[in-house]
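Quick note on labels: first sequence line is chain A, next is B, and so on, each numbered from 1.
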Amino acid sequence: MNTHATTITALFKSEEDTLAAIREIREHGWQVTEVRSPVPAERIAEALGRGKSRVGWFTFAGGVIGFFSGFSLAAFTATRWDLIVSGKPVLSWIPFFIIAFEFTILFAVFGNVLGLLTQLGLPEKDYETNYHEECSGDMYGIEAVADQSEAERLKEVVGRTGTVKRADRMDE
Amino acid sequence: MNDMETAVKERIEKKSGSIFLIPALMALTGFVFFLVPALSGHAEKAWLIYLTNFLLFTGLSAGALLFSTIMHFTRARWSHKPAGIAEAFSAFFPVSFVLFLLLFTGYGHVFPWAGQDLHGKEVWLNIPFLFLRDGIGFLILYALGFGYLFHSLWFRLKDSDRNTRLKRILAARFEKTDHDAEKMKKRMTVFAGWYMFAFAMVLSLTGFDLVMSMDYHWFSTLFGAYSFIKAIFAGLAALILVTSLLHLNPKVRFSMSSKAFRDLSTLFFGFSIVWGDFFYSQFVVIWYGNIPEETSYIIERTMTEPWSYLAWTVFLVCFIMPFLVLLSRKIKESPKCMVVVGSLVLAGLWVEHYLLLGPCYLHEPGTGFGAGAWEIVVTAGFLGLFTAAVLAYFRQFPDVLDNSPEKGGQWK
Amino acid sequence: MDRRTFLKTASLSSIAFAWGCGTDSDRKIFSRVTASDDSVTGEALWYAATCMECPAGCGIIAKNREGRVVKLEGNPRHPVNRGKLCIRGQAALQGVYDPDRLTAPLLKTNGTFKEISFTKALEILKQKAQTPSERGRDRIRMLTGLTGKPLSDMFTETLAGFGSDRAAVFEPFSYDSLKAAHQAVFKKRMLPSFHMENADFLLNFGADFLETWLSPVEYAGKFKSMHAVREGGKGLYIHAGPFMSLTAANADKFLPVRAGTEYIAAWGILHRLLDNKSYNHLPESFARDLKTAASGYTPSFVEENTGLSQSAQEMLTEKLLAARNPLVLGSASTTPDDTAFLLDTAAALINWILDENLSLYDFENRHAVENTMSTGETAQFFRKAGTDPLDLFLIYNSNPLYSIAYIDPVERLFQNDAVFKVCFSSFMDETARNSDLVFPVRLPLETWDLYESKTGISSILQPAMGKLTHAPAIGDVFLELQGEDSRFDSYRDYLLEHLYAGAGIKSQKDLLGAIQRGGVFEQDGIEAKKTEQVKPVFDKKLSAVLKKAAKACKPRESKGIRFLAVPSLRHFDGRGANKSWLSEIPDPVTSIAWESVLMVHPATLEEYGFEPGDLLEIDAGGRAIRAPVYDYPGVVQDLIVMQTGLGHTDYGRYAREFGENPLTLLKAGAGKGEFTSYLISPDRVRKTGKAGKQPGTDGSRSQHNRKIALSMKGDRAQDHAHAEKPGLDMERFPLTLPYEAGYDEKRDVYPPHEHDGYRWGMIVDLDRCVGCSACAAACYAENNLAVVGKEQIIKGREMAWLRIERYRDRNFDERLIFLPMMCQHCENAPCESVCPVYAPHHSKEGLNNQIYNRCIGTRFCAQNCPYKVRRFNWFEGEWPKPLNLQLNPDVTARTKGVMEKCSFCIQRIKQAHNRAKNENRQIRDGEISPACVQTCPTGALVFGNFLDPKSAVSRLARSSRAYQVLGYLNTKPAVIYLKKVVHDV
Amino acid sequence: MQELTFEKINTTVLDTLSRPGKRYWTVIALLFCGVVLGAACWAYQIFEGVGVAGMNTPVHWGTYLINFVFWVGIAHSGTLISAILFLMRAGWRNPIARAAETMTVFAVCIAGLFPFIHLGRVWLVFYMLPVPNQRTLWPNFQSPLIFDVVAISTYLTVSSLFWYTGLVPDFAIIRDRSVGVRKKIFRVLSLGWSGKSGQWLHYTRGYLLFAGLATPLVISVHSVVSWDFALGVTPGWHTTIFAPYFVAGAIHSGLAMVLTLCIPLRKIFGYERIITVHVLESIAKTIVFTGLIVGFAYGTEVFIAWYSQNIIEMESFRWRAFGAYAPEYWIMVICNSVIPLLFLFRKFRTKIVWLFVISVFVNIGMWFERFVIIVGSVAHDFLPNAWGHYRPTLVEGGIMLGAFCLFFFLFLLFVKHLPSVSMTEMKEHIQHTE
């Protein structure tokens with residue numbers, strides 16, 4: 001780990017500028033640790049090399065659990081007393097399918113929410129580190145790290161298209 | 001660019017003879033095979049296959065064109081290419097209409113209710129009226145379809161060479177029409193709207209008339225809607241199959257982005273769920289209601305051997321399989337996989353048509369059904385007719401296979 | 001005797017204790033921790049008694065649970081009703097628990113009533129009786145309803161002690177014309193019973209024998225043994241009259257005859273009979289006179305005056321001649337006018353002409369009601385009471401201010417302040433209201449007494465429960481009046497002596513037997529051998545009658561619209577009007593509850609510009625009534641028909657202000673002749689401009705061609721085997737038995753499920769069902785059904801678990817057909833699976849159980865029930881005290897928000913199970929009778945186990961007449977209906 | 001017209017959250033009175049019995065279930081707009097998605113109330129929940145009403161979560177632009193959202209999956225509602241087309257309600273540039289489409305009833321059109337299938353007044369559709385003897401009024417306290433169309 005790294009945050013007007021800045025920072029061999037944006041930006045995520053989201057697996061797992069638990073619940077409860085209603089079989093899979101379906105959706109959504117919370121790291125208490133309120137407005141915020149020695153260069157580079165907001169020294 | 005274009009053109013023209021040879025042979029064999037039982041006392045069996053195939057191919061060709069109209073109507077951006085292929089399916093319309101007229105020759109065998117005491121249903125179920133209304137329905141549907149196609153081709157072909165006969169004819173017509181793209185687009189939208197409307201009405205009507213009424217005791221309000229949803233589903237399956245095949249065929253200069261495949265497959269996935277939903281909606285209501293007037297139909301088809309095997313096949317192939325397989329993004333983007341999925345679903349839908357109709361025709365248990373060689377040959381005959389029609393379209397309008405992104409981009 | 005009967009009578013033995021321990025059964029009602037000697041908590045005691053709701057005197061057994069009577073059933077040993085009861089008999093129970101019942105005597109001072117003690121009341125009574133007797137003879141008069149002989153003897157003795165004449169016996173429906181006709185023909189004012197069961201052709205000119213006439217339960221049973229399908233076809237019944245009553249609706253053919261001209265029709269038939277054939281057994285002179293008398297009644301004359309076509313007359317004559325045992329009945333108890341006498345005479349004469357031996361008359365077993373005063377005598381009684389000096393007027397068991405049409409002399413009497421009027425009544429009815437002292441006495445179910453239902457049949461009354469009030473028995477009051485010197489401690493002792501002396505009781509054992517049996521009668525009572533041959537006697541008097549008939553042969557002018565009051569199946573003469581079940585259960589013909597309507601032919605309505613539902617005002621003789629119109633094609637044109645029994649101005653909460661009393665109008669036509677005229681020409685009929693919704697329980701009278709209440713033409717049901725191939729549509733759907741055998745894998749999505757030894761079900765024979773609604777009343781009593789009242793019925797919220805659906809017959813549009821509809825206990829009941837909480841579900845024995853505690857009131861079950869037999873408690877049911885004491889402890893009373901419905905009387909099934917288990921055997925066929933089955937006077941309902949192939953229900957289900965209502969829905973109802981068979985005349 | 005920018009969107013939307021005026025609170029208070037009235041009516045009904053409503057023996061289901069279906073229907077278009085149109089990438093949904101979604105959540109809440117009100121013994125409603133108990137008495141999972149319980153509660157859960165998920169980035173926006181208590185509140189609500197690119201990556205994926213799940217869910221929910229009827233055997237209810245027909249009907253009514261709500265919203269908050277006429281026009285076009293589907297269903301039902309030659313079916317539909325409830329039937333047909341056709345003409349689609357008026361008509365028509373289906377079927381079913389009539393009572397009217405008041409009460413609270421337009425989605429929208 002770099003013991004004398006400086007984290008610089010800067011704000012950019014548009015996605016294009018941001019992307020350009022990222023490229024440039026990368027070219028200099030510095031790291032872009034985070035980009036904050038007011039809207040989702042696929043290209044930025046791509047540029048940062050973020051892989052595909054794994055939220056879907058949570059959702060899928062939830063769905064599978066839901067499907068089987070829906071059926072199981074219906075079947076289990078029906079067999080407690082084996083009551084015959086309307087001459088239908090005690091285990092009537094056809095109507096039970098509706099229960100299973102709803103449970104599938106419900107649990108898939110639970111899975112999805114769980115996936116979102118874990119993947120997003122929410123709720124996050126100290127979100128304010130390196131955060132600028134403009135990022136929820138119309139600005140894109142870059143968080144770049146450079147060796148202390150190169151901090152000024154970095155500032156200059158990002159300062160060309162963006163506004164440098166902060167330059168912190170990070171120890172350890 | 002131009003060189004390649006002419007190269008394709010030449011290849012198509014050169015190979016035209018051989019291209020049509022196989023489909024023509026298939027059609028001919030199919031026809032002969034159809035005639036054998038038709039004339040030798042197993043007429044029901046023959047007409048059953050005829051009707052099954054007629055409905056499937058008519059449905060899928062109309063359904064495919066519907067895809068194009070929907071895409072146009074909702075101003076979707078991604079679907080320019082597949083819509084072009086889908087429009088090619090309309091080449092089957094004239095064939096379908098002729099096939100419909102031919103159905104008339106077998107009316108005695110086609111309609112199990114003919115000559116029965118219908119307890120008041122005669123007013124609706126009589127052969128002249130049925131042929132009249134369904135014939136008119138098809139005419140309207142096909143006319144609107146061609147009207148739409150005309151406008152669509154205006155956009156696709158207005159700048160292309162007039163190197164085929166049909167193109168030349170069309171070009172002459174184009175001369176006479178407005179040259180204002182906005183206006184044409186508007187008119188195209190109107191045709192699309194009316195086509196969609198007619199599609200729903202005519203497919204419902206023929207669903208009632210040519211499928212539901214075959215068991216003349218049975219009735220289900222959803223059947224019409226189920227029929228046209230099924231037709232769209234079949235249309236999409238066929239469309240995916242054809243686009244994938246074209247995409248995979250190195251000799252044809254047609255390709256589609258994986259994103260477009262994904263979108264198309266997602267739509268297909270969606271319709272498999274809608275089809276499943278409609279199927280279930282009908283089934284659960286009838287199952288739960290337990291009124292024999294309604295249940296006997298589904299009992300015969302889903303709970304009585306041997307038909308129940310077919311029912312399970314349909315259920316697995318047309319719903320479970322696509323549902324599970326198409327959850328995967330990779331498969332959706334892979335034309336190879338989609339060839340398999342598309343053809344399986346089409347086969348499944350063929351069986352589904354056969355399952356709905358079969359018990360009305362084959363009364364004696366064990367008279368054999370299913371994918372016997374004979375059925376396959378006759379079906380292949382219809383497939384031949386369909387292929388020939390689509391190929392002819394491509395031969396006349398090779399432009400729709402054109403891969404250039406610029407042209408596609410200009411359309412909307 | 002069936003199994004159930006045996007069990008009941010066995011439990012009657014406990015009466016021995018009651019008898020032996022003196023006043024044991026007189027104890028007060030309260031629940032006790034430890035049971036008395038003869039009662040076991042949870043076990044019912046059955047006390048035999050007699051129903052006093054009408055003069056017929058049916059035997060009842062009263063079910064006593066923990067000291068209170070909770071249900072009445074017919075006494076199976078009683079020769080009159082043989083275990084069956086009518087709607088009124090079932091409702092008799094409510095009289096005891098009537099919330100408006102008076103608990104203490106009321107003395108009128110300065111125009112208002114004040115409660116006094118019974119001792120005080122008795123003192124006043126004694127004093128009031130003593131004074132006039134000192135002044136002279138006959139200064140006390142008494143009017144009483146029909147009572148048994150011991151009581152009437154007691155009255156006579158007591159009154160004689162005060163120097164006064166015997167009590168006058170008054171019944172509103174007194175069959176004067178019939179009695180007079182029998183007087184003329186047989187020389188005796190009597191009411192023989194008829195062996196209707198032996199007839200093969202019945203021609204009726206108005207007698208409503210299924211509703212009120214003489215002894216309706218008895219005749220309903222007899223009628224159905226003649227008229228139900230059996231080997232060799234069924235008898236034929238044709239009704240000719242002005243109004244299609246319930247009785248007429250059960251005829252194979254109803255022939256409309258203009259009101260008041262029935263006698264012409266009857267004499268016309270007589271005329272034709274005499275023309276057709278000579279009858280050797282007729283004395284020659286008589287035959288000649290008769291022919292002369294009838295000569296004017298030519299077919300054309302009859303047609304012109306009655307509306308009865310010549311072909312119909314001819315048909316009737318032919319049928320009469322062709323029949324082996326024809327029976328002709330005359331007028332109803334509400335006679336049109338004096339001509340009723342001629343009608344009844346003609347009926348008697350025809351019967352005699354056609355059958356020399358009068359084999360269908362039973363002169364041995366005559367109806368008790370023959371012992372009442374005639375209209376003329378009653379009128380005379382009141383006129384004398386008005387003119388002769390009088391100090392004390394006693395009324396018992398009668399409500400003359402309500403039920404006497406020619407009300408003037410009665411009113412005068414009641415306006416006369418000089419007369420002290422004592423009314424022995426437990427209710428503040430019209431008469432009590434106008435009396436000076438209202439003295440409540442015990443009701444029949446609380447008293448010892450004896451009643452001669454028929455000559456030769458003595459029915460015992462005994463207290464079936466403890467006292468609800470301190471009221472003494474009427475007999476004891478009179479014993480008290482007799483003073484200290486009486487030989488008897490109580491009226492019961494008096495009765496005992498009577499029994500030992502006159503009724504063939506020889507020993508204690510006999511006595512016990514009689515009490516257990518319910519009376520003194522031969523086991524096969526009615527069919528007792530004939531000892532005395534009664535023959536028509538041709539004498540001067542009869543000759544005068546013939547002349548009268550000849551004279552009456554003149555055109556009857558029919559001017560404008562006329563008004564006819566007819567007896568009500570439910571309210572009889574109005575005495576039971578405060579019994580809420582009677583008003584709540586709709587009239588089977590109109591399906592209207594709580595209201596008396598004016599039944600008018602639709603064509604007449606159109607002619608006068610009335611609409612159904614219009615409130616009309618009818619004026620006659622200065623009095624007016626207002627009632628809504630009901631369009632009914634079963635009324636001849638230009639006639640308004642209204643039922644009696646409602647329209648009380650007093651009485652109680654369930655009677656007051658409901659409907660109108662048609663008798664109010666009859667003054668106009670009354671008093672002129674010997675007989676009350678129930679047919680009048682009103683002065684004015686006009687629209688009030690108001691109209692409203694009637695408390696009807698029916699949605700449509702038409703079946704809309706659905707497979708609901710079916711009938712078939714022809715004599716032989718067997719000829720009508722299913723001609724059509726079975727199919728899946730409504731008409732051709734086959735009978736599907738409600739157990740494994742009823743499944744067909746081509747139709748059934750669900751596999752069959754098993755039953756545990758029994759599959760309960762019911763057969764409803766529409767051919768036997770007459771629509772009398774007794775079953776509905778029995779169901780109210782047995783199953784604690786809430787009474788919701790008129791307003792709620794208008795809203796469509798009646799709670800009946802079993803209703804009589806009245807439809808037009810699909811085959812014969814002018815006919816009515818009645819269909820008892822209750823929960824069908826479907827094998828695949830649509831109601832069950834839709835319930836989210838399993839409140840309704842299928843039991844192992846095929847019952848469709850409804851678990852009240854589980855029900856949360858989604859009402860989906862009711863919505864999904866094709867038969868609409870499920871009832872929802874929209875509000876909390878109300879049983880004003882002490883009506884709550886009537887509740888059957890074996891059945892839960894439901895709270896608001898709960899769905900309920902017919903359970904096939906599961907409490908009875910459970911009891912049978914316990915019994916069978918104790919005896920280590922299976923439940924026997926016929927051992928269980930749900931309340932409706934038990935009471936059905938015609939045996940139209942049969943209950944049993946379908947799994948037993950030999951059971952009655954299984955046997956009947958194999959009938960070619962068997963079908964299921966809307967069977968094509970594949971619910972596999974366990975109630976299987978048998979088609980009605982109608983002669984196509 | 002001024003170009004929309006990110007900042008412009010923020011300020012336009014945030015302006016709506018300013019301190020409300022007197023008029024606002026007056027309306028809120030009035031609506032609250034309405035809610036209290038409805039609650040009082042319900043209390044009275046619980047105390048007296050369901051008999052205070054107008055239901056009776058053939059018609060056991062009355063306005064309570066009509067309103068239930070009506071509100072579930074209203075709810076549906078919210079999900080349609082936020083999920084289905086999202087999947088279809090129809091851009092015009094973005095400005096109205098939030099309002100529609102909110103409408104969904106509130107409408108489901110209100111719809112969910114009605115079955116409670118309907119019950120005979122509401123205090124035992126927990127019998128319908130699968131609560132483990134000593135006697136192992138469970139609900140009947142074959143009952144359509146249990147399907148309902150499961151489906152509606154799933155729907156409420158999912159749509160609330162979906163709604164909340166969509167709100168998170170917007171909460172962050174408000175958080176960043178407020179001070180004091182409000183900031184604290186929104187800080188909690190926004191869960192510490194900071195718009196990191198990783199967050200957006202998962203968020204968009206999760207949101208897409210949400211939409212993908214909500215779509216079949218919304219279809220299933222109204223299918224399940226339709227099966228409350230169609231699984232029965234009653235003529236007029238037992239018909240296979242019900243599920244798609246109800247779904248289309250639900251969307252039809254929901255879209256109309258969206259118009260009814262958005263038009264005043266747009267006017268009051270000056271959303272003209274966000275909720276453009278084009279957006280409203282698109283809704284109008286969709287209403288034409290759903291109206292046609294609904295009309296198709298009406299026609300099919302009548303046709304099949306005739307085709308079947310089943311006399312009960314035939315009578316049922318003849319009576320609907322010409323019987324005691326003929327006015328209701330024709331109101332339904334005209335308001336739902338005929339009047340919306342006016343939207344085929346551009347004039348009606350683009351004039352705000354017309355849009356509003358027609359949308360109100362559709363709302364009315366859809367309410368009557370449920371009336372006709374529920375009451376019109378059971379009042380005239382199998383046994384003619386049991387036929388009857390039903391008219392709602394004042395108590396039912398009071399409860400219905402209360403429900404409407406509650407809905408608008410909640411909605412008004414929402415528009416003044418939460419962003420009624422999704423700022424994030426609008427930003428995305430303009431970024432894509434740029």
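Both the backbone and the side chain of B:Ser296 come within less than 4.5 Å of a heavy atom of chain C. Neither the backbone nor the side chain of B:Tyr297 comes within contact range of chain C; no heavy atom of the residue lies under 4.5 Å from a heavy atom of that chain. Interface remark: C:Thr971 contributes no atoms to any contact with chain B (heavy atom separation under 4.5 Å).
By the 4.0 Å N-to-carboxylate-O rule, B:Arg133 lies close enough to B:Asp209 to be salt-bridged with it. Between B:Glu352 and B:Lys230 there is a salt bridge, since at least one side-chain N of the basic residue sits less than 4.0 Å from a carboxylate O of the acidic one.
Taking the salt bridge (Lys or Arg N to Asp or Glu O under 4.0 Å) definition, one finds that B:Glu122 meets it with nothing, sequence neighbours left out. The salt bridge (Lys or Arg N to Asp or Glu O under 4.0 Å) test applied to C:Arg706 returns no partner, not counting sequence neighbours.
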